[in-house]
Amino acid sequence: MSSSHPAVVTVTGAAGHIGYAALFRIAAGAMLGHERPVHLRLLELPHAVSAAAGTAMELDDGAFEQLLSVDIYDDPRAAFDGTDFALLIGSRPRSKGMERADLLQANAAIFAEQGAILNDVAAEDLRVIVVGNPANTNAAIASAHAPDIPAERFTALTRLDHNRAIAQLAHRAGCVAREISRVTVWGNHSPTQYPDIFHARVAGRSGAELATDRTWLEDDFIPTVAKRGTAIIETRGASSAASAASATIDHVHDWVLGTPADDWTSAALPSPGVYGVPEGLVCSFPVRAVAGRWEIVEGLDINDFSRARIDASVAELAGEIAAVGDLLPA
Ligand SMILES: NC(=O)c1ccc[n+]([C@@H]2O[C@H](COP(=O)([O-])OP(=O)(O)OC[C@H]3O[C@@H](n4cnc5c(N)ncnc54)[C@H](O)[C@@H]3O)[C@@H](O)[C@H]2O)c1
Ligand SMILES: O=C(O)C[C@H](O)C(=O)O
């Protein structure tokens, strides 16, 4: 498919906070490049269709050169028909005091249904990014209900965690984000995630050198990154929206257009059984995008400090899958 072929992009939860922040940047070409025309499909629950219609009016008013059409749906089958990109954002967000585990059952059913519909009606080259929490497990559920779509096309967002790790490292090192590369977020998009700086390059220094300050690493850097979602909810009174939208756009942009040379990023993908992560778990890995496909960066040396933290997050992922076992096809 040529890179200038019009793309059909379906955004679920389009009237929500993340949807609102994402749509205008997609329309402006930030996700698929400025040469690629876009048909936008906005999927919402019936009660929020009116709000989505208001957003569509604003999209019109942007007079975006690449935006070919905006259509609004409350029927997922129609919204996903022939879609190339499914941004699965729509779900119930975690509110103040609510644990992510409480979201599991509430949101799992949505992703089972959407996976099955995508399997029936989406374009052959469909790519899926799950943002709605618990994102990793929701992606696994959607994929399990889409047996005809290669599992690797179902991904979950950990780019926000990756970006957060870069930001915290930049603060620590007194540099800017573009001077940092080769950070990895492993595991689940949850407080068990492990932001790994041992292979990072930080403004001419090695991440391993910064990691020698174990007090900073264990008591400051790792918990600050891993619990940033909670800190945003506590401080803002609502879960992160613009940063989540921005990371979603980064994820799809790199997937389609490639990761920068000599760097990698983080994305949650079904494990092919590498780095001790059981096959099929949707786990965050260091990844590069090559010719429109994610490739896990293999062969990194994993020290004992990292191993224990990766294992803990992977154990949580296995527990989440076990908890939604009744929603997985036999
Ligand atoms: N992975 C990440 O890094 C990350 C970061 C931030 C937020 N999130 C998650 O993203 C999700 C959305 O967050 P938000 O702030 O935009 O929430 P929001 O409540 O503002 O918007 C969610 C929207 O989804 C819609 N919706 C719910 N079920 C739907 C369905 N079945 N089909 C279509 N639309 C549906 C709702 O009507 C609502 O408009 C939440 O689950 C949140 O926890 C993930
Ligand atoms: O933690 C949450 O529920 C919000 C979101 O996943 C985030 O990381 O900001």
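For ligands, and for the atoms within them, numbers begin at 1 and follow the listed sequence.
A search for ring pair (Phe, Tyr, Trp, His ring centres under 6.0 Å) contacts involving Phe221 returns Trp216, not counting sequence neighbours.
Contact annotation: Arg159 has no heavy atom less than 4.0 Å from any atom of ligand 1. Residue Glu113 places every heavy atom at 4.0 Å or more from ligand 1. Ligand 2 does not have Ile232 within reach: every non-hydrogen atom of the residue lies 4.0 Å or more from it. Assignment of Arg236 to the shell around ligand 2 is not supported, since no heavy atom sits closer than 4.0 Å. Heavy-atom distances between Arg228 and ligand 2 stay at or above 4.0 Å for every pair.
The shortest N or O to N or O distance between Val131 and ligand 1 is under 3.5 Å. Between Ala135 and ligand 1, not a single N/O pair is under 3.5 Å apart. Residue-to-ligand polar distances place Ser91 within reach of ligand 1: an N/O pair is separated by less than 3.5 Å. Here's the thing with His17: one of its N/O atoms is less than 3.5 angstrom from an N/O atom of ligand 1. Close N/O approach between Asn107 and ligand 1 is not found [any backbone or side-chain N/O within under 3.5 Å].
Protein heavy atom closest to atom 17 (O) of ligand 1, with residue, atom name and distance, is Pro93 CG, 3.5 Å. Looking from atom 12 (C) of ligand 1 to the surrounding protein, the closest heavy atom is Ile89 O, 3.4 Å. For atom 32 (N) of ligand 1, the closest non-hydrogen atom on the protein side is Gln114 NE2, 3.7 Å. Atom 25 (C) of ligand 1 has its closest protein heavy atom at Glu44 OE1, 3.3 Å.
Counting heavy atoms closer than 4.0 Å to ligand 1, residue Ile110 contributes side-chain atoms (C-beta onward) but none from N, CA, C or O. With a 4.0 Å cut-off on non-hydrogen atoms, Ser239 touches ligand 1 through its side chain and not its backbone.
Nearest residue to atom 30 (C) of ligand 1 from Asn163, Leu157, Leu45, Asn138 is Leu45 (criterion: closest heavy atom). Selection from Ala15, Gly16, Ala156 by nearest heavy atom to atom 21 (O) of ligand 1 gives Gly16.
For Arg307, the CZ atom sits in a packed shell: over 12 heavy atoms of surrounding residues, nucleotides or ligands are nearer than 6.0 Å.
Close contacts between ligand 2 and Asn133 involve ligand atoms 2 (C), 3 (O), 5 (C), 6 (O) [criterion: under 4.0 Å to a heavy atom]. The Ala244 neighbourhood of ligand 1 comprises atoms 5 (C), 6 (C), with distances under 4.0 Å to a heavy atom of that residue.
Salt bridge Asp254/Arg288: absent, no basic N to carboxylate O contact under 4.0 Å. Between Asp213 and Arg172, at least one side-chain N (NZ, or NE/NH1/NH2) sits under 4.0 Å from a carboxylate O, which counts as a salt bridge.
Of the options Asp262, Asp263, Asp196, a side chain to side chain donor-acceptor pair (under 3.5 Å) to Arg182 is made by Asp262 and by none of the others.
Taking 4.5 Å as the limit, every side-chain heavy atom of Trp186 sits out of range of all side-chain heavy atoms of Arg309.
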